[in-house]
Asker: 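Pasting in a structure now, in structure tokens, and then I'll have a few things to ask.
Here the structure is a predicted model, which means the values were calculated and not measured. In what follows, chains are A, B, ... by sequence order, proteins preceding strands, each numbered from 1.
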Protein chains: 2
Amino acid sequence: MSDDVRNVQQALASITEHWQPHRLTSINDYDVKVVKLQGEFVWHTHPDTDELFMVLNGELTIQLRDRDVVLGPDDVFVVPRGVEHCPQAAGEVHALLVEPRGTVNTGDAGGEMTSPLRELD
Amino acid sequence: MSDDVRNVQQALASITEHWQPHRLTSINDYDVKVVKLQGEFVWHTHPDTDELFMVLNGELTIQLRDRDVVLGPDDVFVVPRGVEHCPQAAGEVHALLVEPRGTVNTGDAGGEMTSPLRELD
């Protein structure tokens, strides 16, 4: 494996905390992130961008104000820009995110669950 | 599963031809595509964009002019913009691609392997 190849499972194995996105790689001005999720996040909106979730392991519910979107392994869902959402996971979920560089995990909500984008070790 | 959730494995199961990218979903002006690859593609460059490959199944070699990058399951590699490359797969490979809308699979090379982006059934 060359230095610039990233393995998603190896990256996930190095992550110990929930709700802390780590940058796997970048394409142009977009970041591809891996994250472990468990519990309930915060309701928030990204006013300027869509946000892609791809579940790799576990079951993730993305609560929207009018419905719940339930994602299992290999399911992909894009939260449209401006749509309020709140991820929730009863058990641990491994997920991949794609969004423009600089997108903050808590969007317009802020608060204690705001996490800077971390680099992998 | 709601209509707007896409399952990567279901999408791949519906694809019968090699080297024909199908649009799984979009985020802003980027497309996420699934594709089956086997054999050798053509040497080409995308002068204006990076291109992300994520291998889901099989082993994919991305030939660069100065080295080969070998990708197995869950490996992610980004070909930088302007870097000539030629994907090659001895056996069938299932992969996910991320690139800006309108990116042509054969880049600046054109030719008979040029494939329009297809929509999933």
Asker: When clusters are formed by joining ILVMFWY residues with side-chain heavy atoms under 4.5 Å apart, either directly or through shared neighbours, do A:V69 and A:W43 land in the same one?
Answerer: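 Each belongs to a different hydrophobic cluster.
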
Asker: Identify whether the distance between the nearest side-chain nitrogen and carboxylate oxygen of A:D29 and B:R81 falls below 4.0 Å.
Answerer: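 Salt bridge flag = no for B:R81 with A:D29.
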
Asker: State which residue, out of B:L52, B:N28, B:V98, B:D50, fulfils the side-chain contact (heavy atoms from CB on, under 4.5 Å) condition with A:Y30.
Answerer: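 Checked B:L52, B:N28, B:V98, B:D50 against A:Y30; only one passes side-chain contact (heavy atoms from CB on, under 4.5 Å): B:N28.
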
Asker: Is it the case that atom CD in B:E112 sees more than 12 heavy atoms from other parts of the structure closer than 6.0 Å?
Answerer: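 No, because the 6.0 Å sphere around CD of B:E112 holds 12 heavy atoms or fewer from other groups.
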
Asker: Hydrophobic clusters here meaning ILVMFWY residues chained together by side-chain heavy-atom distances under 4.5 Å, can you tell me if B:V104 and B:V35 are in one?
Answerer: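 Different clusters.
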
Asker: Looking at chain A, which one of B:L24, B:L56, B:V76, B:T25 has the largest number of heavy-atom pairs inside 4.5 Å, strictly under?
Answerer: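 Between B:L24, B:L56, B:V76, B:T25, the count favours B:V76.
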
Asker: Could you tell me whether the side chains of B:N7 and A:D75 share a donor-acceptor contact shorter than 3.5 Å?
Answerer: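 Yes, A:D75 and B:N7 have a side-chain donor paired with an acceptor closer than 3.5 Å.
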
Asker: Rounded to the nearest 0.5 Å, what separation is found between the CG atom of A:L71 and the CZ atom of B:R6?
Answerer: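 Going from the CG atom of A:L71 to the CZ atom of B:R6 covers 14.0 Å.
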
Asker: With a 4.5 Å cut-off on side-chain heavy-atom distances among I, L, V, M, F, W and Y, is there a chain of contacts connecting B:V5 to B:I27?
Answerer: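 No, it is not one cluster - the side chains of B:V5 and B:I27 are not joined through contacts under 4.5 Å.
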
Asker: What option among A:V55, A:V32, A:T49 has the most heavy-atom pairs under 4.5 Å with chain B?
Answerer: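 Option with the top pair count is A:T49.
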
Asker: Determine, using the 4.5 Å side-chain heavy-atom cutoff (strictly less than), whether B:V93 and B:V8 are members of one ILVMFWY cluster.
Answerer: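 Unlinked, B:V93 and B:V8 end up in two clusters.
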
Asker: With a 4.5 angstrom heavy-atom cut-off, which part of B:P100 approaches chain A: side chain, backbone, both or neither?
Answerer: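 Side chain of B:P100 only, per the 4.5 Å heavy-atom cut-off to chain A.
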
Asker: Could you pull out the closest heavy-atom pair between A:M54 and B:L96, with the gap in Å?
Answerer: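 Distance-wise, the nearest heavy atoms are SD-CD1, 4.0 Å.
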
Asker: Which pair of heavy atoms, one from B:D74 and one from A:Q9, lies closest together, and at what distance?
Answerer: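 Here B:D74 and A:Q9 meet closest at OD2-CG, 3.3 Å.
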
Asker: Are B:L64 and B:V78 grouped together when hydrophobic residues (ILVMFWY) are joined by side-chain heavy atoms under 4.5 angstrom apart?
Answerer: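 Different hydrophobic clusters.
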
Asker: Does atom CG of A:D121 have more than 12 heavy-atom neighbours, drawn from other residues, nucleotides or ligands, at distances under 6.0 Å?
Answerer: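 No, not enclosed.
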
